[in-house]
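Numbers restart at 1 for each chain; the letters A, B, ... are given by sequence-line order, proteins then strands. Keep in mind the model is a prediction, meaning the values are calculated, not measured.
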Number of protein chains: 2
Amino acid sequence: MVKKEEETCIDKRQRILEAAERSFGLFGYKATTMDQVAKLAGVAKGTIYTFFKNKEELFNEIIDGLITSMRKRAEMAIHEEDSFFDNLHRALYDILDFRREHQLTLKLSQEFREIGTNNAKAALERLENMIVKFIERHLQIAVDKGEIVQVDPHLTAFIMLQLYIALIYKWEEREQPLSREEIAQLFQRYLVLGLEPRAAG
Amino acid sequence: MVKKEEETCIDKRQRILEAAERSFGLFGYKATTMDQVAKLAGVAKGTIYTFFKNKEELFNEIIDGLITSMRKRAEMAIHEEDSFFDNLHRALYDILDFRREHQLTLKLSQEFREIGTNNAKAALERLENMIVKFIERHLQIAVDKGEIVQVDPHLTAFIMLQLYIALIYKWEEREQPLSREEIAQLFQRYLVLGLEPRAAG
DNA sequence: AAAATGACTATATGACTAATTCGGTCATAA
DNA sequence: TTATGACCGAATTAGTCATATAGTCATTTT
């Protein structure tokens, strides 16, 4: 009996989260109403407030989940036996490509661009921070292993993310999109080998 | 007599351009009124329309001038005797640093960010295009000379500009700004030498 | 008794309208 | 011939007010 009630309770919380995620993804942060979420989740509005302090915390919990799942996704792209650069390319491309088609993330980008919603901005920044931290961690490992030269991990991670964002998102605003392989080659060309000719061999 | 009239005429045109540039710089494109420009230039509003077809063309001519002067500025940073990378760093840093403190450019960035004015966006894009073209030209020369490896000049120019924008503008949104020398070293480290260790010597 | 509900409230939003401002014109003045 | 500024329709803004929204809480349901 107690168990059944708990399950119902957790299930309800989950249904609210799912309804909210769908609604935030469809309409953005601002245009999502608590009435809407309640209706979608099949609960009364007041019920939402027994699980979440307010709209903002409901939203933040959804972003927490998104960040966690994206980090997992990125970590899964790391294969012990591969080189740092192969791993990093796979992880970065995966995560950014996923992001490109992820409804909630897309909607939040649009919302921030068009009406500057602060909560949307903050969520996107948290996502970016997670990615930078992720790169940073793996950079540090690679530096320690001597796979790459000594660099500031934080700054370098920031640069790498900017480079990927430029190659994946910015470039295709005006030109033909680059394929996964092309981006890997460019990453290799620019950041790994450098533009100055190397001695042969 | 004829000469005097011509001079007055050219001077008037110039005064209008200067007044407009000041006003666009102070208030942005949208908030600048033709009445305001006329008053600042000390002419009647109708007079502006004897020199410029409309507000948009007046604005575009100012941007033409800005682009030309920035290109000149960049070209002046190129010294025949220096290496490609020294030259490019000097030119890019100069032009972006100038841009950072240039009232009109700043105002247009702000205006586009805050209210999305299309003319402001277009002007900033023209500026960016000029910079990419500039880098592209000098990249091609460096490739021909064998100073750097064979790369697609357009894509590489785009990447270089993005890298500089990230290092100069984006980085300092959240961290301590980087000095001119630091940026030169980073440019060298990331793009010139690459992160993969090179054989000593 | 505990959990869920939805009517309720204070505030925020945005639709609507009136008034103003603006870009551009043109008859008139210099 | 060139310059002017009053003028015009279109666009923008300010002000108002009805509606919608986030969050609460007395009541109902389980």
### Task
Any pair with a residue in residues 69-79 of chain B that passes side chain to side chain donor-acceptor pair (under 3.5 Å), sequence neighbours left out, goes on the list, sorted by first then second residue, please.
B:E75-B:R137, B:E75-B:H138, B:H79-B:R90
### Query
Are any non-hydrogen side-chain atoms of B:F85 and A:L195 less than 4.5 angstrom apart?
yes
### Message
By nearest atom, which of the nucleotides D:dC7, D:dA3, C:dA7 is closest to the A:K45 side chain?
### Response
C:dA7
### Query
Heavy atoms under 4.0 Å, any strand shown: does A:K55 hit a base, just sugar-phosphate, or nothing?
sugar-phosphate
#### Entry: Any donor-acceptor N or O pair under 3.5 Å, side chains B:Q36, B:S23
no
### Query
Would the A:Y164 and A:F187 ring centres measure less than 6.0 Å apart?
yes
### Task
Spell out protein contact along nucleotides 25-30 of chain D as letters: B when the base is contacted, S when just the sugar-phosphate is, - when no protein heavy atom is under 4.0 Å; keep the 5' to 3' order.
------
### Query
Going by heavy atoms closer than 4.0 Å, what residues in residues 25-40 of chain B are next to DNA chain C?
B:T32, B:T33, B:M34
### Summary
For A:R113, the side-chain hydrogen bond (donor to acceptor under 3.5 Å, both in side chains) test, sequence neighbours excluded, returns none
### Query
B:L139 versus B:M160: any side-chain heavy-atom pair under 4.5 Å?
yes
### Query
Within less than 4.0 Å of OP1 or OP2 of C:dA3, is there a side-chain N or O belonging to A:T50?
no
### Query
Given atom CG of A:L58 and atom C1' of D:dA22, what is their separation to the nearest angstrom?
12 Å
### Query
Residues two or more places apart in sequence or in another chain: which of them pass side chain to side chain contact (heavy atoms under 4.5 Å, CB included) with A:E136?
A:V132, A:P153, A:H154, A:A157
### Heavy-atom side-chain contact between A:I168 and A:L178 under 4.5 Å
no
### Task
Assess A:K121 against A:Y29: is NZ or CZ under 6.0 Å from the centre of the six-membered ring, and within 45 degrees of the ring's axis?
no
#### Entry: Under 3.5 Å donor-acceptor pair, B:K12 side-chain atoms to D:dA3 base atoms
no
### Query
Between atom CD1 of B:I148 and atom OG1 of B:T156, what is the distance when rounded to the nearest 0.5 Å?
7.0 Å
### Task
Could you grab the distance from atom CD of B:E21 to atom CG of B:L58, nearest 0.5 Å is fine?
10.0 Å
### Bend angle of the helix from C:dA1-D:dT30 to C:dA30-D:dT1, end axes from five pairs each (to 10°)
20°
